[in-house]
Amino acid sequence: METDYEKIGLKVGLEIHQQLGTAAKLFCNCTPGLFKEEPEIIFLRRLRPTQSELGQVDPAAYFEFQKGVKILYEANRATSCLVEMDEEPPHRLNREAVETVLMVAIMMNAKPIDEIHVMRKTVIDGSNTTGFQRTCVIALNGEIKVGEKTVPIQHAGLEEDAARKIGEEEGNVTHYRIDRLGIPLIEVATAPVIKSPEEAEVVAFAIGRILRATGKVMRGLGTIRQDINISIPKGALTEIKGVQQLELVPQVVEYEVQRQLNLLKIVEELKKLEVRRDDIKEEFFDASDAFKHTKCKVIRKALDRNEQVLGVKLPKFNGFLKRELNPRLRLGTEMSDRAKFWGRVGGIFHTDEMPAYGITAEEIDELKKAAKAGELDAVVFVADISDNCKDALTAVVERAREATKHVPEETRVANPDGTTRYMRPRPGAARMYPETDIPPTQITEYQLRQIRSRLPEFPEQKLQRLTKQYKLNQKLAKQILDSEYAELFETIVKESKISPTTVAAFMTETLKALKRDGVQVEKVTENQILEIFIKTGSGEVTKEAIPDIFIWLSHHEGKSVQEAISNIGLKMLTEEELESIINSAIEHNKNLIDERGPNAFGALIGIVMKETRGKADAALVAELLKRKLEQTM
Ligand SMILES: [Zn+2]
């Protein structure tokens, strides 16, 4: 069924974060980049924010902190220094990064502020060694034109990127790498005026084009992260973090709207059943006895470790937990996410999905008896140490209570398929306080004049120029503009003598197809791509062979294009070698030629191409074959 988003009253705001490829990080001189080798330095910290700094810490982070989570930081000297380790105060704000934001701001008609004040935003999940993230606003109140619509830009600013989590948590220790910490992120936020999933995508792309126009943004997966604020009347404002691809934006919005609409339906139905918030009690019961002889592996293991099975009854919730919120999410999943987060358990079981996982109908009967649960009730149970079970079920009860009332206000995080999962409750306001280590930075008229005098080509102009100069059709020109390769495209065309349409089609459609097939496109450098095309232009490799070379390089990081060519045996055939292949094909198919005469060409070209594909120019093969065939007859 088509959803009428206008009628629903959908409101979406975007907050786009993109890494800048500046020469240095935001508050020190380290070169932005990630390392793959073993770390040179490791250090363990337990974050201890001082009481005055704590202010209104988000409750989830505080909870982690209280549980005594320790952080093991990994670093190497090429990508971090004492600043990232919080052993040395931050340096002044990176000027190149500030001027890039100013450029974007001017292109969006935003008003630069007079003086930049760096602020601290408390984060105690360990993603920053300091316990806060530094952030600053640089310009306010801009706008962009998207089709007929004007979309207000609330602000543009800078943030330092966070450390990146490595692997899964082991015991109470979380691993982070601080190479990413301090890489400048430009932040652009729209007003919540977007009214449909499609419009969200169009706006995201329009902002992306302006950012790329500066020539200063990094490319590749993980360099762009979008937060999407989504709300519908009667629903809630959900903040979705970390959408890594612009193309995913409409899917995320669509799924979230479905999720909220279905949660609202559940509220209505529970109301009809007269389930009240207070009917759902934090009364947990020990259900271990019901599973004394269980064949369910998870429960068996827990009981063997002397842990327990704890359960809770959710009155009149039978059937609601398996209710689909969107094609990949059920209410039970939401409860499970909460339980995992607050209880640190592996997951929960509930009667809506039973019998399953080796749990029998008899065991469920026992469980329900122990819970004093009737036909209409659901039972949620979990196996772990007692404290974790209690925390997990408390979170489940809270989520069930919310289900009777409203859609909860949450911060969620995006999965690669466009679905989202619970991250934490939405933090309260006022988590910011001034960064006293960094003096305010003036923005001068002179500086602004300088930037205005060297503004890059605007995306609309570039689109027009691409279609005119390279005779690309609108669709292809737009795809090139939206790709990360617009500049490279122009270089290749200039230096390779290959037709612009061929290059453009490769840079967009072929690369997209390769990505879809799981090829890690970002592993092939721009220089390598350029070299492949130059070799194609000079006849050293065929057009047909380009994808194979590309795939080989993506599997062999650090190897050269030349090595790719010799390793996949793509050396072009000489004309003599080609002639000998054609002669032999004619020799072996004498009967066919006698029978069909000139019409044998179609069959023969197929036979010859099988042997020469990727190693000879298709047009040349056809011409030679035709000539030889004529000679034979
Ligand atoms: Zn540094």
Side-chain angles (χ1 to χ4, degrees), residues 17-50 53 70-102 116-138 157-167 173-187 211 214-225 432-441:
H17 302 93
Q18 167 101 47
Q19 286 181 346
L20 296 181
T22 45
K25 285 189 178 178
L26 197 49
F27 299 109
C28 65
N29 277 326
C30 293
T31 313
L34 306 180
F35 71 93
K36 295 190 194 86
E37 310 77 36
E38 289 298 304
E40 293 169 355
I41 305 159
I42 53 172
F43 54 101
L44 193 69
R45 296 259 171 92
R46 179 171 191 265
L47 294 168
R48 282 178 301 267
T50 63
E53 284 172 344
K70 294 190 189 75
I71 316 288
L72 190 76
Y73 291 106
E74 304 179 351
N76 80 351
R77 288 181 183 83
T79 56
S80 58
C81 66
L82 293 174
V83 173
E84 288 93 330
M85 296 174 201
D86 194 29
E87 301 286 354
E88 185 187 306
H91 308 180
R92 292 196 71 119
L93 199 48
N94 179 326
R95 195 185 157 103
E96 188 188 3
V98 170
E99 294 190 346
T100 306
V101 179
L102 285 172
I116 306 168
H117 293 262
V118 178
M119 303 293 283
R120 295 174 172 184
K121 207 189 315 181
T122 306
V123 280
I124 51 175
D125 63 355
S127 62
N128 202 313
T129 50
T130 53
F132 51 79
Q133 180 191 32
R134 299 184 182 98
T135 172
C136 59
V137 169
I138 294 182
L158 275 171
E159 281 191 351
E160 56 178 349
D161 205 345
R164 59 188 173 118
K165 213 176 203 170
I166 302 284
V173 181
T174 308
H175 291 240
Y176 277 98
R177 275 200 179 176
I178 60 170
D179 46 8
R180 201 179 68 180
L181 181 59
I183 293 180
L185 286 175
I186 181 169
E187 181 189 84
L211 298 186
T214 64
K216 286 281 168 68
V217 299
M218 287 206 197
R219 64 178 183 86
L221 195 66
T223 60
I224 191 158
R225 264 158 282 150
M432 301 241 247
Y433 52 101
E435 165 60 86
T436 42
D437 285 338
I438 302 169
T441 308

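In listed order, ligands and their atoms are each counted from 1. Position 1 is the first residue of the sequence, and the numbers go up from there.
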Quick one: side chain to side chain contact (heavy atoms under 4.5 Å, CB included) partners of [X], sequence neighbours excluded?
{"X": "Ala97", "value": "Leu20, Thr22, Leu26, Asn94, Leu158, Pro184"}
{"X": "Glu37", "value": "Phe35, Asn76"}
{"X": "Arg164", "value": "Leu34, Ile166, Arg177, Asp179, Arg180"}

| Exam field: side chain Gln133 to backbone Asp161, donor-acceptor pair closer than 3.5 Å | no

| message | Between Tyr73 (side chain only) and Gly126 (backbone N and O only), is there a donor and an acceptor less than 3.5 Å apart? | response | yes

| Lys216 and Glu99 ion-paired at < 4.0 Å | no

| message | Quick check for you: within a radius under 2.8 Å, how many protein N, O or S atoms neighbour the Zn ion (ligand 1)? | response | 5

